[in-house]
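Note that ligands are numbered from 1 as they come in the structure, with each ligand's atoms numbered from 1 the same way.
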Amino acid sequence: MRINSLLIHGGIDGDELTGAVNIPIYQTSTYKQESLGETKGFEYSRTGNPTRYALESLIAELEGGKRGFAFASGMAAITAVLSLLKSGDKIIIPNNLYGGTFRVLDKVFKNYGVDYIIVDTTDIKKIKAAVDNEVKAIFIETPTNPLMDITDIRFVVDLAKRNGILTIVDNTFMTPYLQKPIELGADIVVHSATKYLGGHSDLVAGLVVVKDEELGEKLHFIQNSTGGVLGPFDSFLLIRGIKTLGVRMDRHNNNAIILAEFLKERHEVESVYYPGLLNHKFHEVHKSQAQGFGGIISFKLKEEVDYKVFFKTLKVITLGESLGGVESLVCHPASMTHGSIPKDIRDKVGITDNLIRLSVGIEDVEDLKEDLVNGFNMAVR
Ligand SMILES: *Cc1c(COP(=O)(O)O)cnc(C)c1O
């Protein structure tokens with residue numbers, strides 16, 4: 001099946017027991033054993049639950065991986081993956097990435113002897129220079145949050161394979177509808193399914209997909225041991241969200257390219273970061289590894305624009321954390337999503353106070369444009 005059909009029929013399609021076209025919410029913690037140790041495949045819902053299993057099978061199939069795992073949040077999923085590392089190991093991370101991923105490495109994993117190396121992963125030479133015997137994984141986001149930098153996944157995979165290093169890709173911004181890192185050779189894909197996969201800003205969830213059974217065994221052991229699993233109701237909601245991923249992403253893509261072009265022409269805007277723009281530094285690299293540019297645009301306002309007034313004036317677009325929902329959301333990375341990154345690092349990589357991140361929703365694009373024009377008009381000092 002092709003991706004648009006897989007989104008609806010992939011994984012476990014419906015309920016074999018009753019013929020229900022949707023997988024039921026198996027709201028149960030435990031399962032009857034016919035005799036000692038004789039089960040129907042499930043024994044306790046931390047270890048496995050049929051609704052969660054349907055979701056895990058679905059995401060594995062969508063990403064072209066071997067096994068999928070569902071967690072209570074994107075951070076729980078990332079934490080589980082990072083738990084593959086041991087004391088003394090090092091991991092390479094990009095110089096701008098999701099703030100929470102940096103925080104868990106800096107404030108939690110560092111305490112257990114796992115260290116990180118910050119590298120500009122858009123430059124393969126810099127990654128190469130950072131690799132030593134202790135480096136056991138490279139973690140990339142492409143596009144990065146919030147500066148929309150692009151890392152060449154094939155280059156990273158090639159370097160990692162030659163050095164026996166794991167390639168981990170946070171595919172939250174693209175989703176498997178637009179980008180499939182495992183098909184490009186990555187070992188592990190992680191998602192904040194809170195964003196596009198869920199798509200309706202009504203749940204918090206994380207997913208992991210691994211490329212082979214060996215990693216699958218390890219990840220399942222970690223998932224079962226640490227226990228940050230997704231509950232059956234949220235698993236059901238996420239399956240429901242994924243069914244419309246294709247139509248939503250098409251609209252996100254269309255709206256975003258229109259708004260990126262529009263923002264580029266506004267005199268209140270200093271710069272626009274969107275890989276779909278022809279003048280984006282990594283437009284061609286992105287095109288070589290993804291089927292679309294996604295719905296996230298970042299831009300910097302000029303000196304004379306008061307961003308606080310801009311945020312306050314917006315009516316259709318909501319000021320809030322998160323992204324990837326049907327509704328447009330705008331955020332101020334320096335104080336919100338990336339507030340946990342020290343200011344000197346933020347400034348150095350370009351997450352300055354005038355940077356705005358816009359998650360373009362699926363509303364009528366003319367209403368979004370009008371809202372932005374209003375915001376600019378009110379905010380010019
Ligand atoms: C939101 C986000 C996360 C964290 O996911 P949660 O579901 O909020 O725990 C990780 N990576 C990226 C790219 C994100 O946008």
Taking [atom] as the reference point, the nearest protein heavy atom with its distance:
atom                   : result
atom 7 (O) of ligand 1 : T194 OG1, 2.7 Å
atom 9 (O) of ligand 1 : M75 N, 2.9 Å
atom 8 (O) of ligand 1 : Y98 OH, 3.9 Å

Practice prompt. Give yes if a backbone or side-chain nitrogen or oxygen of T101 is under 3.5 Å from a nitrogen or oxygen of ligand 1, and no if not.
Written response: no
Item to complete: Look at atom 11 (N) of ligand 1 and find which of D170, I296, L203 reaches it with the closest heavy atom.
Response: D170
Worksheet item: So which of E321, K195, E141 gets nearest to atom 1 (C) of ligand 1, if we judge by its closest heavy atom?
Response: K195
Which atoms of ligand 1 have any heavy atom of [X] under 4.0 Å away?
X    : result
G74  : 5 (O), 6 (P), 7 (O), 9 (O)
N145 : 15 (O)
S73  : 7 (O), 9 (O)

Item to complete: List, by chain and then residue number, the residues other than V169 in its hydrophobic cluster (Ile/Leu/Val/Met/Phe/Trp/Tyr, side-chain heavy atoms under 4.5 Å); write none if there are no others.
Response: I92, I117, V119, I124, I127, V131, V135, I138, I140, I153, F155, V156, V157, L159, I165, L184
Worksheet item: Other than V309, what residues sit in its cluster of Ile, Leu, Val, Met, Phe, Trp and Tyr side chains whose heavy atoms are under 4.5 Å apart, directly or through others?
Response: M378
Fill in: Non-hydrogen atom of A205 closer than 4.0 Å to ligand 1
yes
Practice prompt. Consider ligand 1: state whether an atom of it lies below 4.0 angstrom from any non-hydrogen atom of I78.
Written response: yes
Worksheet item: For R67 and E56, what are the C-alpha separation, side-chain angles and deciding distance, and is it a salt bridge (Lys or Arg N to Asp or Glu O under 4.0 Å)?
Response: CA-CA 7 Å; R67 282 180 77 175; E56 293 175 330; over 6 Å; no
Worksheet item: Any Lys/Arg nitrogen of D120 or K126 sitting under 4.0 Å from an Asp/Glu carboxylate oxygen of the other?
Response: yes
Item to complete: Ignoring hydrogens and angles, state whether a donor on the side chain of N224 or T47 is under 3.5 Å from an acceptor on the partner side chain.
Response: yes
Discussion item. With no hydrogens and no angle check, just 3.5 Å: does a side-chain donor-acceptor pair link Y116 and D106?
Written reply: yes
Discussion item. Taking the ring centre of each residue, are F376 and F310 less than 6.0 Å apart?
Written reply: yes
Fill in: Given E141, K180, E63, the one that forms side chain to side chain donor-acceptor pair (under 3.5 Å) with N171
E63
